[in-house]
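Heads up, the thing below is written out as structure tokens.
FYI, the numbering just counts along the sequence from 1.
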Amino acid sequence: MERKYPNLCKPITLGRVTFRNRMFSAPMSGAEITPECNIGLRSTAFYELRAKGGAAAVTVSELMVHPKTDASHAFHLNTQTVGSVPSFTYTADAIRRHGAVASVELSHSGQYAGTYLLDKEKKDVMVQYGPSEGTRPDGIRVAALTKEQIAEIVAAYAENARLAKLCGYQMIMVHGGHGWLINQFLSPYFNHREDEYGGSLENRVRLAREVLQAVRDAVGPGFPIEFRMSGAELFEGGYTLEEGIRIAQAVEELVDLIHVSAGSYKYGFSITHPSMFREHGCNVYLAEAIKKQVSKPVATIGALNDPAQMEELIASGKVDIVVMGRALLADPELPSKVAENREEEIVRCLRCFVCMAERGATQTRRCSVNPRIGRELDGMEILPARKKKKVLIVGGGVAGLQCAITAAQRGHKVVLCEKDDTLGGILRCEQAVDFKHEMYELGVTLEHQAREEGVEIRLSTEVTEEYALAQAADAVVLAVGSEPIVPPLPGIDGEQVIVVNDYYRQKDRVKGDEIVVLGGGLAGCESAIHFAKEGKKVHLVEMRDALAVDANIRHRPILLAELEKQGVICHMEHCGLRIEKEGVVCSVGGQEALVPGSTVICAVGQRSRRSVVDKLLDTAPIIKQIGDCVRPANICLAVYEGYHAALDI
């Protein structure tokens with residue numbers, strides 16, 4: 001068989017272990033950490049899904065090696081905690097039985113201990129430790145580790161590595177990046193020690209070398225050790241790429257793989273986890289530069305999900321391995337699809353940060369485009385229906401498409417009707433916005449999957465009550481979506497006004513260099529950024545005192561920072577009164593004010609198409625309502641509801 005991406009699919013040997021391809025699963029916190037800090041059953045299933053999907057290595061995150069100085073509620077591995085060793089063993093087994101190499105990330109949070117605590121007030125009563133005395137940006141005091149404590153921590157790394165090997169793990173990752181303890185020692189910003197652990201780079205790298213040597217002594221020769229580092233910290237006062245290269249050179253004799261990431265926990269979340277406003281692979285240059293200066297294999301990470309791009313990185317010799325995190329949440333089967341030349345079936349990560357927002361809010365996992373994430377114990381397989389039914393799905397947006405795919409996979413005869421001449425629903429709007437194009441591509445991918453599963457798709461077909469009854473379906477799924485809210489303002493029907501949903505079809509109607517976006521929710525803010533990136537002067541009008549309140553807790557601060565970066569002029573507590581040729585007249589504190597612009601983009605929200613739903617409620621014995629027609633929400637909820645509606649039929 002000729003593989004389209006031969007270099008991605010080529011095995012690689014690290015130490016004495018051979019990995020089946022060059023696509024590794026990054027350490028991501030699991031779906032369940034028990035009160036005792038063991039790996040819960042949901043986390044075991046969470047990691048197993050990526051192994052089953054074809055990743056060469058699956059790394060369990062994060063094993064905090066020294067609870068006495070790192071009280072983060074993350075995984076701990078020790079013989080004193082009941083269930084600790086078994087939980088790690090069962091997880092290694094779950095990964096290995098699918099042909100992946102089981103790895104575990106050894107870490108210490110340093111001064112950011114407590115980051116993972118759901119009850120953030122507990123941080124105030126904890127002692128935070130770092131390389132030097134100081135105060136965190138949030139006001140919490142940091143105590144400098146003593147040499148005795150450092151020695152204890154080094155020994156703890158070794159002991160945890162020994163136990164991990166005993167549990168069946170075949171590789172150890174030592175986390176030396178992202179602002180955690182080892183990185184804090186490497187960083188001139190955090191490390192102000194005057195002993196042998198501070199000052200020169202040789203001294204600052206001492207802890208990393210001691211840890212790696214201790215781990216090597218614990219696991220023995222030939223056992224792969226991966227060192228994860230930030231190629232550069234990328235903030236003022238942090239170390240640069242030049243020092244990053246020297247750090248890599250200083251540790252390479254002790255490791256088998258140098259895993260190059262970027263940034264720091266406190267000063268670069270959207271760098272370490274590149275947002276939709278950054279290019280895919282924007283951090284690769286760090287790994288590429290380091291690879292030129294070291295003899296050991298180098299891995300890269302950072303918003304990589306395009307097989308063609310990843311193939312080029314390896315084929316050209318820029319890196320040896322690509323590591324993916326969010327991409328393998330969106331589609332755990334990405335490596336298998338690459339190997340089988342099925343890349344058109346890959347569901348791409350949207351970089352919407354739902355996965356990380358859910359982690360911060362509820363300590364669980366969720367993914368906008370993958371309803372199984374965090375819920376793997378509910379069933380990784382879509383089982384055939386006991387009795388096959390005829391299912392009519394009304395609406396070809398993301399909810400309807402996901403429902404159609406899943407229902408067809410269960411063996412039902414599925415007919416999907418869409419009143420427009422293309423599928424994708426509201427996702428079609430995103431094709432005009434470069435940084436949201438993957439949302440548009442999601443609709444294209446789901447359509448491809450639906451057709452592959454044998455769904456009968458009828459375009460330009462409006463479903464009336466008579467039409468639905470004539471189909472004699474056993475189940476009708478209503479996924480008719482929502483429609484834009486158009487406020488009854490004088491002038492709203494003017495030639496200069498474009499409803500945001502229609503922009504992708506009416507781009508030529510945008511006139512002039514000054515734009516007013518009416519509505520400061522998520523859609524309005526992202527539209528404002530789009531026009532600003534095109535070089536327009538953009539005014540964003542919002543009647544409330546806050547922007548993007550419908551954005552998740554991870555995406556919102558990045559979005560607000562991008563608005564500022566792009567120079568968008570934000571008009572808060574401005575209530576639109578009327579639209580004139582010169583712009584939008586608003587009420588501000590009882591006074592009228594003109595917000596100037598030659599084009600007005602209306603982005604004030606969506607409302608459910610309930611009138612359509614109400615006419616179809618008695619057209620079949622089984623009626624399901626999913627997606628925006630129930631309540632306008634987001635892609636995540638639409639996918640989840642579509643998937644489970646199909647499982648219930």
Could you tell me which residues satisfy salt bridge (Lys or Arg N to Asp or Glu O under 4.0 Å) with Arg554, sequence neighbours excluded, listed by chain and number? none
Between the side chain of Arg136 and the main-chain N/O of Gln128, is any donor-acceptor distance below 3.5 Å? no
Any chance you could measure Leu559, atom CG, to Leu547, atom CG, to the nearest 0.5 Å? 8.0 Å
Taking Ser72 for the side chain and Ala74 for the main chain, is one N or O donor matched with an acceptor at less than 3.5 Å? no
Do Val369 and Leu350 make a side-chain contact, defined as non-hydrogen atoms from C-beta onward lying under 4.5 Å apart? yes
Going by distance alone, is a donor N or O of one side chain under 3.5 Å from an acceptor N or O of the other, for Ser608 and Ser482? no
Within the supplied structure, the quantity of interest is the number of heavy atoms (other residues, nucleotides, ligands) at a distance under 6.0 Å from Gln309 CD; does it exceed 12? yes
Salt bridge Glu430-Lys436, side-chain N to carboxylate O under 4.0 Å: yes
What I want to find out is whether Arg375 reaches Asp378 closely enough, with some N-O distance under 4.0 Å, to be called a salt bridge. no
Could you check whether any side-chain heavy atom of Val463 comes within less than 4.5 Å of a side-chain heavy atom of Val612, counting everything from C-beta outward? no
If you look at every heavy atom in Ser109 and Trp180, which pair is closest and at what distance? O-CE3, 3.6 Å
Excluding sequence neighbours, so at least two apart, what forms ring pair (Phe, Tyr, Trp, His ring centres under 6.0 Å) with Tyr189? Phe235, Tyr267
Residues forming a side chain to side chain donor-acceptor pair (under 3.5 Å) with Glu344, sequence neighbours excluded: none
Once side chain to side chain donor-acceptor pair (under 3.5 Å) is applied, do any residues pair with Glu562, and if so which ones, sequence neighbours excluded? Gln566
Just checking, any donor-acceptor pair under 3.5 angstrom between side chains of His280 and Glu438? yes
Please check if the side chain of Arg50 supplies one atom and the backbone of Phe46 the other of a donor-acceptor pair under 3.5 Å. yes
Output all residues satisfying ring pair (Phe, Tyr, Trp, His ring centres under 6.0 Å) with His539, sequence neighbours left out; order by chain, then residue number. His571
Can you tell whether the side chains of Glu495 and Arg509 come within less than 4.0 Å, N to carboxylate O? yes
What distance do Gln409 atom CD and Thr406 atom OG1 have between them, rounded to the nearest 0.5 Å? 5.5 Å
Residue pairs involving residues 594-619 (criterion salt bridge (charged side-chain N to carboxylate O under 4.0 Å, His left out); sequence neighbours excluded): Glu483-Arg609, Arg610-Asp614
Would you please test Ile558 and Phe353 for side chain to side chain contact (heavy atoms under 4.5 Å, CB included) and show each step? CA-CA 10 Å; Ile558 296 170; Phe353 288 119; 3.4 Å; yes
Any donor and acceptor pair, going by atom type alone, linking the side chain of Arg359 with main-chain N or O of Gln363 inside 3.5 Å? yes
Side-chain donor/acceptor of Arg348 to backbone N/O of Thr445, under 3.5 Å: no
Does anything in residues 592-606 pair up under salt bridge (charged side-chain N to carboxylate O under 4.0 Å, His left out), and if so which pairs, sequence neighbours excluded? Arg578-Glu592
Listing request: all ring-ring contact (aromatic ring centres under 6.0 Å, His included) pairs with a residue in residues 595-622, at least two apart in sequence or in separate chains. none
Taking Asp550 for its side chain and Gly521 for its backbone only, find out whether a donor-acceptor pair lies under 3.5 Å. no
Sequence neighbours excluded, the answer for side chain to side chain contact (heavy atoms under 4.5 Å, CB included) partners of Ala470 is none
Counting only heavy atoms not in Glu534 (residues, nucleotides, ligands), do more than 12 fall under 6.0 Å from its CD? yes
With distance as the sole test, does Thr619 use its side chain to make a donor-acceptor pair with the main-chain N or O of Leu616 at under 3.5 Å? yes
With Pro274, which residues qualify under side chain to side chain contact (heavy atoms under 4.5 Å, CB included), at least two apart? Arg278, Cys282, Asn283, Ala303, Arg326, Arg351
Hey, could you give me the OG1/CG distance between Thr240 and Leu286, rounded to the nearest 0.5 Å? 10.5 Å
Between His448 and Leu446 (side chain of the first, backbone of the second, donor and acceptor by atom type, cut-off under 3.5 Å), is there such a pair? no
Go through the steps to decide whether Ser264 and His178 satisfy the test side chain to side chain donor-acceptor pair (under 3.5 Å), and finish with yes or no. CA-CA 4 Å; Ser264 177; His178 300 170; over 6 Å; no
Val516 side chain near Ile601 side chain, heavy-atom distance below 4.5 Å: no
Strictly distance-based, threshold 3.5 Å: is any side-chain N or O of Gln449 a donor or acceptor partner for the main-chain N or O of Glu345? yes
Looking at every non-hydrogen atom in both residues, tell me the closest pair between Leu416 and Gly400 and how far apart they are. CD1-O, 3.7 Å
Are the side chains of Val347 and Leu442 in contact, using a 4.5 Å heavy-atom criterion? yes
Evaluation steps, side chain to side chain contact (heavy atoms under 4.5 Å, CB included), between Val600 and Ile515: CA-CA 6 Å; Val600 176; Ile515 307 289; over 6 Å; no
Backbone N or O of Arg544 within a donor-acceptor pair of the Glu542 side chain at under 3.5 Å? yes
Atom pair CG (Leu478) and SG (Cys629), whose distance is rounded to the nearest 0.5 Å: 6.0 Å
Full working for side chain to side chain contact (heavy atoms under 4.5 Å, CB included) between Lys419 and Val394: CA-CA 9 Å; Lys419 69 172 185 172; Val394 186; over 6 Å; no
Tell me which donor-acceptor pairs under 3.5 Å the side chains of residues 630-642 have, and how far apart each pair is, sequence neighbours excluded?
{"unit_1": "Arg631", "atom_1": "NH1", "unit_2": "Glu641", "atom_2": "OE2", "d": "3.4"}
{"unit_1": "Arg631", "atom_1": "NH2", "unit_2": "Glu641", "atom_2": "OE2", "d": "2.5"}
{"unit_1": "Asn634", "atom_1": "OD1", "unit_2": "Cys636", "atom_2": "N", "d": "3.3"}
{"unit_1": "Asn634", "atom_1": "OD1", "unit_2": "Leu637", "atom_2": "N", "d": "2.8"}
{"unit_1": "Glu641", "atom_1": "OE1", "unit_2": "Gly627", "atom_2": "N", "d": "2.7"}

Output the distance between atom CD1 (Ile485) and atom CG (Asn501), rounded to the nearest 0.5 Å. 10.5 Å
Given Met439, which partner from the list Gln431, Met276, Arg428 fulfils the side-chain contact (heavy atoms from CB on, under 4.5 Å) test? Met276
Inter-residue atom distance Cys586.SG - Leu594.CG, 0.5 Å rounding: 8.0 Å
Between His530 and Tyr503, is the ring centre distance below 6.0 Å? yes
Hits for salt bridge (Lys or Arg N to Asp or Glu O under 4.0 Å) against Asp434, two or more places apart or cross-chain, chain-then-number order -> none
Give me the atom names and distance for the closest heavy-atom approach of Ala546 to Val549. CB-CG1, 3.8 Å
Salt bridge (Lys or Arg N to Asp or Glu O under 4.0 Å) between Arg458 and Glu456, intermediate numbers included: CA-CA 7 Å; Arg458 301 174 184 174; Glu456 181 183 344; 2.9 Å; yes
Would you indicate whether Lys537, at its atom NZ, is surrounded by more than 12 heavy atoms from other residues, nucleotides or ligands within a distance under 6.0 Å? no
